[in-house]
Amino acid sequence: MEDSAKSRMSAALHTRSGLSDEAVHDISAAATVLLADVFALYLKTKNFHWHMSGPHFRDYHLLLDGQADQVLAMTDPLAERVRKLGCTAIRSIGDISRRQRLLDNDAAFVQPHEMLAELHEDNGTLAARIRALHDLCDEHGDVATASLLENWIDEAEHRVWFLFETLRRSN
């Protein structure tokens with residue numbers, strides 16, 4: 001194999017996005033932390049889905065299953081965007097736990113309305129964090145990442161709305 005081919009195979013990913021080194025660093029770092037939060041929210045949503053109980057079990061169980069699927073759908077495009085920028089994404093559960101800002105809930109039992117309230121708050125927090133990354137993308141002129149984030153903001157707001165309305169009904 002030629003030396004140049006060997007060097008290309010072992011070289012770090014340096015894609016040409018047209019963004020400055022500072023933009024690539026700032027956006028990929030923020031996106032990777034956001035990715036950790038998305039994984040944390042996904043697992044918490046599935047945890048609550050699995051451990052739901054009570055008279056509204058079926059409705060809440062199905063609601064949280066759908067929301068978890070929607071959250072999980074964000075992970076691959078977000079991680080791949082970080083890679084397209086030339087950086088590395090999340091590598092393990094330990095990596096997620098070191099980066100995540102959303103708190104886990106390891107309680108043995110959580111009341112259904114408390115589950116919904118916690119997810120309502122977490123989804124609102126996630127929407128705000130996605131907006132903050134969008135603002136960072138705007139500052140650096142990264143329209144590709146910003147365009148990914150826009151639908152996710154709407155989806156997070158949709159989850160917040162459904163959880164809010166469900167909480168109103170359950171009190």
Side-chain angles (χ1 to χ4, degrees), residues 10-51 63-107 110 114-164 167:
S10 64
L13 178 63
H14 294 291
T15 59
R16 296 181 189 263
S17 63
L19 300 173
S20 70
D21 289 344
E22 178 185 3
V24 167
H25 175 269
D26 292 352
I27 293 166
S28 64
T32 300
V33 171
L34 180 65
L35 182 58
D37 283 340
V38 171
F39 273 115
L41 180 59
Y42 167 73
L43 192 53
K44 182 186 284 187
T45 305
K46 287 304 276 192
N47 170 28
F48 290 167
H49 159 80
W50 296 322
H51 295 100
L63 172 69
L64 298 185
D65 197 33
Q67 289 194 355
D69 288 347
Q70 190 178 67
V71 171
L72 183 62
M74 295 171 58
T75 60
D76 196 50
L78 188 54
E80 288 180 355
R81 184 62 193 154
V82 170
R83 294 293 290 147
K84 289 176 198 173
L85 290 172
C87 299
T88 59
I90 297 292
R91 296 183 178 272
S92 67
I93 292 173
D95 195 9
I96 292 168
S97 70
R98 287 185 296 276
R99 296 174 191 262
Q100 77 185 68
R101 299 165 292 183
L102 292 179
L103 300 177
D104 294 329
N105 186 326
D106 295 328
V110 181
E114 291 170 358
M115 292 178 182
L116 299 175
E118 192 168 330
L119 290 173
H120 174 264
E121 183 178 324
D122 287 347
N123 277 282
T125 298
L126 187 70
R129 289 179 177 159
I130 298 169
R131 272 191 214 90
L133 178 54
H134 191 285
D135 290 345
L136 181 65
C137 292
D138 287 347
E139 289 173 28
H140 289 294
D142 182 1
V143 296
T145 305
S147 69
L148 282 174
L149 300 172
E150 289 165 357
N151 286 330
W152 297 336
I153 293 166
D154 183 59
E155 289 173 359
E157 290 173 346
H158 189 266
R159 291 189 302 273
V160 168
W161 171 42
F162 268 59
L163 290 163
F164 173 79
L167 283 165

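The figures here come from the full heavy-atom set of this structure, side chains too, leaving out hydrogens, waters and symmetry mates.
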Could you grab the distance from atom CG of L149 to atom CG of D154, nearest 0.5 Å is fine?
-> 13.0 Å
Kindly determine whether L64 and L116 satisfy side chain to side chain contact (heavy atoms under 4.5 Å, CB included), including the steps that lead there.
-> CA-CA 9 Å; L64 298 185; L116 299 175; 4.2 Å; yes
Which distance, rounded to the nearest 0.5 Å, do you find between the OG1 of T45 and the CG of L72?
-> 10.5 Å
Just by distance, do the side chain of R98 and the backbone of G94 share a donor-acceptor pair under 3.5 Å?
-> yes
What distance separates Q70 CD from N151 CG, expressed to the nearest 0.5 Å?
-> 10.0 Å
Whether over 12 other heavy atoms sit under 6.0 Å from E114 CD = yes
For A146 and D138, which heavy atoms make the closest approach, and how far apart are they?
-> CB-OD1, 4.1 Å
Minimum heavy-atom distance between Q100 and A36, given as atom pair plus value | N-CB, 3.7 Å
So do the side chains of L163 and L63 get within less than 4.5 Å of each other, counting heavy atoms only?
-> yes
Are the side chain of N47 and the backbone of N105 linked by a donor-acceptor contact shorter than 3.5 Å?
-> yes
Between CE of M74 and CG of L34, what distance do you get to the nearest 0.5 Å?
-> 5.5 Å
Output the distance between atom CG (L35) and atom CZ (R99), rounded to the nearest 0.5 Å.
-> 9.0 Å
Looking only at non-hydrogen atoms, find the nearest pair between A68 and Y42 and report the distance.
-> O-CD1, 3.2 Å
Side-chain contact, heavy-atom cut-off 4.5 Å: L78 with L148?
-> no
Let me see the working for I153 and E157 under side chain to side chain contact (heavy atoms under 4.5 Å, CB included), right down to the final yes or no.
-> CA-CA 6 Å; I153 293 166; E157 290 173 346; 3.7 Å; yes
Take H25 and D21 through the test side chain to side chain donor-acceptor pair (under 3.5 Å) and record every step on the way to the result.
-> CA-CA 6 Å; H25 175 269; D21 289 344; over 6 Å; no
Would you call I90 and T75 a side-chain contact if the rule is heavy atoms closer than 4.5 Å?
-> no
Going through the checks in order, is the side chain to side chain contact (heavy atoms under 4.5 Å, CB included) test met by V110 and H51?
-> CA-CA 8 Å; V110 181; H51 295 100; over 6 Å; no
Carefully, step by step, assess H140 and E22 under the rule side chain to side chain contact (heavy atoms under 4.5 Å, CB included).
-> CA-CA 9 Å; H140 289 294; E22 178 185 3; 4.2 Å; yes
Evaluate the side-chain proximity of R159 to L126: yes if any heavy-atom separation is below 4.5 Å, no if none is.
-> yes
Can you tell me how far the CG atom of D76 sits from the CZ atom of R83, to the nearest 0.5 Å?
-> 12.0 Å
Quick one: closest heavy-atom pair of D104 and A40, and the distance?
-> OD1-CB, 4.4 Å
Any side-chain heavy atom of K46 sitting closer than 4.5 Å to one from D65?
-> yes
T88 side chain reached by T32 side chain, heavy atoms, under 4.5 Å = no
Under 3.5 Å, side chain of D37 to main-chain N/O of L102, donor-acceptor pair present?
-> yes
For L133 and A30 the tightest heavy-atom approach is CD1-CB, 3.7 Å
Determine the minimum heavy-atom distance between V24 and S28, stating which atoms define it.
-> O-OG, 2.6 Å
